[in-house]
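To start, the structure under review is shown below, and the notes come after it.
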Number of protein chains: 2
Amino acid sequence: MSSERISDAELTIMEILWERAPLTATDVAARLPDDRAWSLPTVKTLLSRLLSKAAVEHRADGRRFLYSPLIGREDYVAHESKRLMDRLFGGKFMPLFAHLAEQENLSAADISEIERLLREMKS
Amino acid sequence: MSSERISDAELTIMEILWERAPLTATDVAARLPDDRAWSLPTVKTLLSRLLSKAAVEHRADGRRFLYSPLIGREDYVAHESKRLMDRLFGGKFMPLFAHLAEQENLSAADISEIERLLREMKS
DNA sequence: ATTCTCCGACTACATCTGTAATCGATTCGA
DNA sequence: TCGAATCGATTACAGATGTAGTCGGAGAAT
């Protein structure tokens, strides 16, 4: 849903709301990671952009707003993963897996974990 | 290398050059997919942006230029895949794999193919 | 030699993104 | 009650992006 793309800075805000919601703008600002210590106005701008993209909603609480995500993290992750697969791997899973497997140099532990997942899936 | 991000429109151009290079701007335009039938000026703008990002190079051929990729597709794909893994899966492969496996609803054939790849990797 | 055509370079311009300042209203503390 | 702190809303502004037009020069055709 809501095909508007969420930008990188906006994603930072979403991550905070996915971890804990509802939050006020000030709360969100307080939870920013250290490498993104934005000013409060910046956080408010991002929140209002997310509002207009229908990625979050807000509800009045006295004279401020409490923000909550409207898009679930799972949905977003699925969407972005699919986008990568479509853009770079012809939309197919196997080439993506092959690429990752080669690139990531899987450890023996990883391999057994994958095998376990596969067995689980078969049943 | 060359940390400048390649945009979506620029990627369309790169895909064409990855498939066949060197090409002139006109050649590139002629090979655009139907859903991106841009004007020649647009193609030229994108090529010059890619030039300044050092993603392609050009060599004079009479009075026009022949463009070739400087960044390999493999490198780009690796970079973008890692970016997704970092942004959404804490930089770790297993959660990404688990997500994809669940999402993509692997067929029996896929599963055997994965198992084959894994066996190959162990040796 | 003159005109036509084609090329790359430069310019354009709306939208999105990152990052923030300011402003008018409100409420809280004194 | 009166100033201080705080809110949300509005405005700002540079850089990236999508998409294209224009212009001056060089080759090609006549």
Side-chain angles (χ1 to χ4, degrees), chain A residues 2-17 21-68 71 76 79-80 83 87, chain B residues 2-17 21-68 71 76 79-80 83 87:
Chain A
S2 150
S3 57
E4 310 250 25
R5 302 256 299 138
I6 290 175
S7 79
D8 230 66
E10 287 159 3
L11 179 59
T12 302
I13 304 294
M14 291 303 290
E15 291 287 6
I16 291 168
L17 290 175
L23 292 177
T24 66
T26 307
D27 291 339
V28 171
R31 288 161 181 265
L32 286 169
D34 292 337
D35 56 332
R36 307 217 155 169
W38 295 320
S39 73
L40 191 53
T42 297
V43 171
K44 287 177 181 176
T45 298
L46 292 172
L47 281 170
S48 68
R49 287 179 186 169
L50 286 167
L51 266 182
S52 65
K53 291 181 183 178
V56 307
E57 63 178 345
H58 66 183
R59 150 169 65 85
D61 168 45
R63 73 198 192 89
R64 55 240 173 98
F65 286 125
L66 291 176
Y67 292 85
S68 306
I71 293 179
Y76 179 74
H79 185 124
E80 287 299 301
R83 181 175 146 85
R87 276 173 32 115
Chain B
S2 150
S3 57
E4 311 249 27
R5 301 256 302 141
I6 290 175
S7 79
D8 230 65
E10 287 159 3
L11 179 59
T12 303
I13 305 294
M14 291 304 287
E15 291 287 6
I16 291 168
L17 291 174
L23 292 178
T24 66
T26 307
D27 291 339
V28 171
R31 289 162 181 266
L32 286 169
D34 293 336
D35 57 329
R36 308 216 153 170
W38 295 320
S39 73
L40 191 53
T42 297
V43 171
K44 287 176 181 177
T45 298
L46 292 171
L47 280 169
S48 67
R49 287 179 186 167
L50 287 168
L51 266 181
S52 65
K53 291 179 182 179
V56 307
E57 63 178 345
H58 65 182
R59 151 169 64 87
D61 168 44
R63 75 202 189 84
R64 57 243 174 97
F65 285 127
L66 291 177
Y67 292 84
S68 305
I71 294 179
Y76 180 73
H79 185 230
E80 288 299 302
R83 181 176 147 83
R87 277 176 28 117

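Note that the coordinates shown come from a computational prediction; the quantities given were computed from them, not determined experimentally. Order of the sequence lines sets the chain letters (A, B, ...), proteins ahead of strands, with each chain counted from 1.
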Point to revise | Gap between atom CG of B:Leu17 and atom CG of B:Leu50 - 0.5 Å precision | key: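 Nearest 0.5 Å value for the CG-CG distance: 8.0 Å.
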
Exercise for review: Using the test salt bridge (Lys or Arg N to Asp or Glu O under 4.0 Å), find all partners of B:Arg63 that sit at least two apart in sequence or belong to another chain.
Suggested key: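 Scan of B:Arg63 (salt bridge (Lys or Arg N to Asp or Glu O under 4.0 Å), adjacent residues dropped) gives none.
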
Review point. Salt bridge (Lys or Arg N to Asp or Glu O under 4.0 Å) with B:Arg36: which residues, sequence neighbours excluded?
Key: B:Asp8

Roughly how many Å is it from [atom1] in [X] to [atom2] in [N], rounded to a whole number?
| X | N | atom1 | atom2 | answer |
| --- | --- | --- | --- | --- |
| B:Arg63 | C:dT5 | CZ | P | 13 Å |
| B:Leu47 | C:dA9 | CG | C1' | 13 Å |
| B:Arg64 | C:dT5 | CZ | P | 18 Å |
| A:Leu11 | C:dG18 | CG | C1' | 14 Å |
| A:Ile13 | C:dT19 | CD1 | C1' | 12 Å |
| B:Asp61 | C:dG8 | CG | P | 10 Å |

**Study point:** Where chain B begins and ends its contact with DNA chain D, read 5' to 3' at 4.0 Å from heavy atoms
**Key:** D:dT17 to D:dG27

Review point. Quick one: does A:Leu66's side chain get under 4.5 Å of A:Thr24's, heavy atoms only?
Key: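 They are in side-chain contact.
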
Point to revise | pair B:Phe65-B:Leu47: side-chain heavy atoms closer than 4.5 Å | key: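 Side-chain contact under 4.5 Å: no.
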
Exercise for review: Only counting residues at least two apart or in another chain, list the ones meeting side chain to side chain contact (heavy atoms under 4.5 Å, CB included) with A:Glu57.
Suggested key: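 Applying side chain to side chain contact (heavy atoms under 4.5 Å, CB included) to A:Glu57 gives A:Ser68, A:Leu70.
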
Check your understanding: For C:dA9, does either OP1 or OP2 sit under 4.0 Å from a side-chain N or O belonging to B:Ser48?
Key ->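 Negative; the distance criterion is not met.
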
Check your understanding: side-chain hydrogen bond (donor to acceptor under 3.5 Å, both in side chains) with B:Arg31: which residues, sequence neighbours excluded?
Key ->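 B:Arg31: no side-chain hydrogen bond (donor to acceptor under 3.5 Å, both in side chains) contacts found.
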
Exercise for review: Using a cut-off of strictly less than 4.0 Å between a heavy atom of the residue and any atom of DNA chain C, enumerate the qualifying residues of residues 21-46 of chain B by number.
Suggested key: B:Thr26, B:Lys44

Exercise for review: Output yes when A:Glu15 and B:Arg87 qualify as a salt bridge under the 4.0 Å nitrogen-oxygen rule, no when they do not.
Suggested key: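 Looking at B:Arg87 together with A:Glu15, the answer is no, because their closest N to O distance does not fall below 4.0 Å.
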
